[in-house]
Amino acid sequence: MSTQTRTVTGQRISEKGSRRSLPIAKGIKISVMLLLMLIAILPFYFMVLSSFKNPANWAISPPRLFTTDLSLANWKDLFETSIAPFQVGFLNSVKITVLNVAGTVISSSLAGFALARMNFPGKRFIFIFLISSFAIPGIVLALPSFVMWFKLGFYNTQVPLWLPAWLGNTFDMFLLLQFFRSLPRELEEAALIDGANWLQVYLKIALPLMRPILITIALFATIGSWDNLMGPLIYINDMSKQTVTFMVALFSTEFGTQQLFFEQMAASTISVVPIAIIYVFSQRYFMQAVTTETIKG
Amino acid sequence: MSVPAIRWRILSKSRMKRQEAIIAWLFLLPTIIGYLWFAIGPLIYSLGLSFFSWDLQSPPKFVGLQNYHDAVFNQFPYSIWEALRNTMFYVLLVPVGIGINLTIALLCYKDTHLNRLFRSVVFLPSIVSAVAMTMVFGALFRPWGLINQALVNSGHSPLLVTDSPAYFVFVVFFIGTWAGFGGLSMLILVNALNNVPRALYEAASIEGAGFFQTFRKITFPLITPAIFFMIVTGMAGSIQSFVGQYMVLSFASQGEGSPASFGSDNVVASFLVYSNTPFLASNSGQGGLDMGLGLAFGFIIGLFVLIFIIANVVLQKKWVHYDLY
């Protein structure tokens, strides 16, 4: 059946005279793509399924990819008798992530807008100055930042995990700047002639135009903040202030036994699901922003 | 037009310009403050502090170049040279990872419905934290995992990630590649491939060039700027990588509350920095933390990052083409 379809498709293509690859090559290509999609999804499937497996079956190996023996016991254990207070960690993560995303979007869009659209003395200098941040290796900053927060009395608080986002992100600023260069200026100029001030131009015209790239930046800020392990590891000492990602990591480094594997998978699922939901809703804008001429070297 | 009216217009124009400049600087102010506060300031501060010995309890003590001397010559219990040697394997694997992403990008760069669906699906691994993913892959690599079950069933002895340095690197690279495949670097490549002028392909096919010839002579030279960007950022990132190795290390932990520790054949350079922060000090094996020493390590690693960036920038003249569009 499938061979016949391929032949028919092949014939139609050759009749049209368009230069396409052979139907067999196309078949191979599609199977490779399906295989890659499967490889991308399989660990998610395995993770979610394992989190619902009956804990009595922990010793079964190799772990099954299909089972109907499901239960909620791992989830109950995770929230009731667990090593780490996952509810608290989840709320901490949500709070820190929301603050990070809001801060990143506001501060980097203001800076990107100013550099892309406004004229002022010192513009070239400040651009090169800010771009020079790309050359500083982050590892040199990890310890002094720690010392600084420690001295300011913010060690063991969540402030170091979100405050920097409100004070700009040069990489995001650069992305926005690149995106702006591909947009027409006419609307903004018209608004300025009509007497709008720069803040109004930014809020009413620039922000809506920036939507795809802002959603992209917000998505990456969400992923970066939610998945951050080094920050919580370095700055926070109390379990009641920790993030869900840290708690999941704790599960792996300190309690990596087979008996707890299903619970680990439940913990991992908690840490993945919110991001997955946000991704599903934002991926249309995100792909749109990425595949137009925005990200280039 | 009367003279006062013209004067008024000129004045108001310069006033508008001044207003524009003030507002622009206000818009940039948070970013400038952040850059000074979180990058330039710490950079200068840490350079100074790297000449002190400080355990965060007693006041810092000036030790001159002692930290750098210790960092270069001493074992803590790993020497920085062992750590940098281990780290180099990840750096050398960066082009392999890019090759994998380039292959996938070539499959799906054209803008069709199927390709768009494909790109959305294979991006999924990129949203997951290294932490959560490493846990899932524990089902493969842990002492009780799939691979060891197979080894034991076929009469071999089980293999822990810490048993062989090559195996350790492989596991980190395997998980890292899965986590990054179809991610941002693939999308950058898709973007670059779509910017290759169609006319060049048509000319090549009229000349009778096959797929590989077209790729070698046309496609690849035109996307070298994107590949160069990824090699530089990828290598700079992998010299500083830590979380992946730290999580894979946990595959070797036996039972509750007994985290595994790095050995001299799998420790990565960044660990020498992070083991001087309070949280990881207990795993460092050097008995307590010394911020100054950690910073000395940090600057030596930072120097290597810069050497790699400069080497890449120098070498790019041999293979990166900017002027072909």
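Values reported hereafter were calculated over all heavy atoms of this structure, with side chains retained and with hydrogens, waters and symmetry mates removed. Each chain gets a letter, A, B and so on, in the order the sequences are listed, and its residues count up from 1.
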(request) Hey, could you give me the OG/CG distance between S129(B) and L229(A), rounded to the nearest 0.5 Å? (result)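 So the gap between those two atoms works out to 8.5 Å.
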(request) Hey, could you give me the OG/CE distance between S50(A) and M135(B), rounded to the nearest 0.5 Å? (result)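 Spacing of OG (S50(A)) from CE (M135(B)) equals 11.0 Å.
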(request) Give the intermediate values and the outcome of side chain to side chain contact (heavy atoms under 4.5 Å, CB included) for residues I127(B) and W226(A). (result) CA-CA 10 Å; I127(B) 68 168; W226(A) 190 273; over 6 Å; no
Search all heavy atoms of [X] against all heavy atoms of [Y] and return the closest pair with its distance.
| X | Y | result |
| --- | --- | --- |
| P43(A) | M133(B) | CB-SD, 4.4 Å |
| T31(B) | A111(A) | OG1-CB, 3.2 Å |
| M33(A) | C108(B) | CE-CB, 4.1 Å |

(message) Students often mix this up, so state it plainly: with edges at 30° and 60°, are the rings of F44(A) and W178(B) parallel, tilted or perpendicular?
(response)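 F44(A) and W178(B): tilted rings.
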(request) Hey, can you tell me if F27(B) and F113(A) have their rings parallel, tilted or perpendicular (30° and 60° cut-offs)? (result)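 The arrangement is tilted - the two ring planes meet at 30° to 60°.
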Given a strict heavy-atom distance threshold of 4.5 Å, which part of [X] is in contact with chain B: side chain, backbone, both, or neither?
| X | result |
| --- | --- |
| I126(A) | side chain |
| L36(A) | both |
| F129(A) | both |
| I39(A) | both |

(message) For the interface with chain A, which of I23(B), I40(B), I22(B) has the highest count of heavy-atom pairs at distances below 4.5 Å?
(response)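 Option with the greatest count: I23(B).
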(request) Name the member of S107(A), G122(A), S133(A), S145(A) that forms the most heavy-atom pairs with chain B at distances under 4.5 Å. (result)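 The option with the most such pairs is S133(A).
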(request) Apply the ring pair (Phe, Tyr, Trp, His ring centres under 6.0 Å) test between W25(B) and each candidate in W198(A), F125(A), F120(A); give the one that qualifies. (result)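 For W25(B), the ring pair (Phe, Tyr, Trp, His ring centres under 6.0 Å) test succeeds with only one of W198(A), F125(A), F120(A), which is F120(A).
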(request) Using only heavy-atom distances, determine whether the side chains of Y35(B) and S132(A) contain a donor-acceptor pair under 3.5 Å. (result)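 Yes, because at least one side-chain N or O of Y35(B) sits under 3.5 Å from a partner of the opposite role on S132(A).
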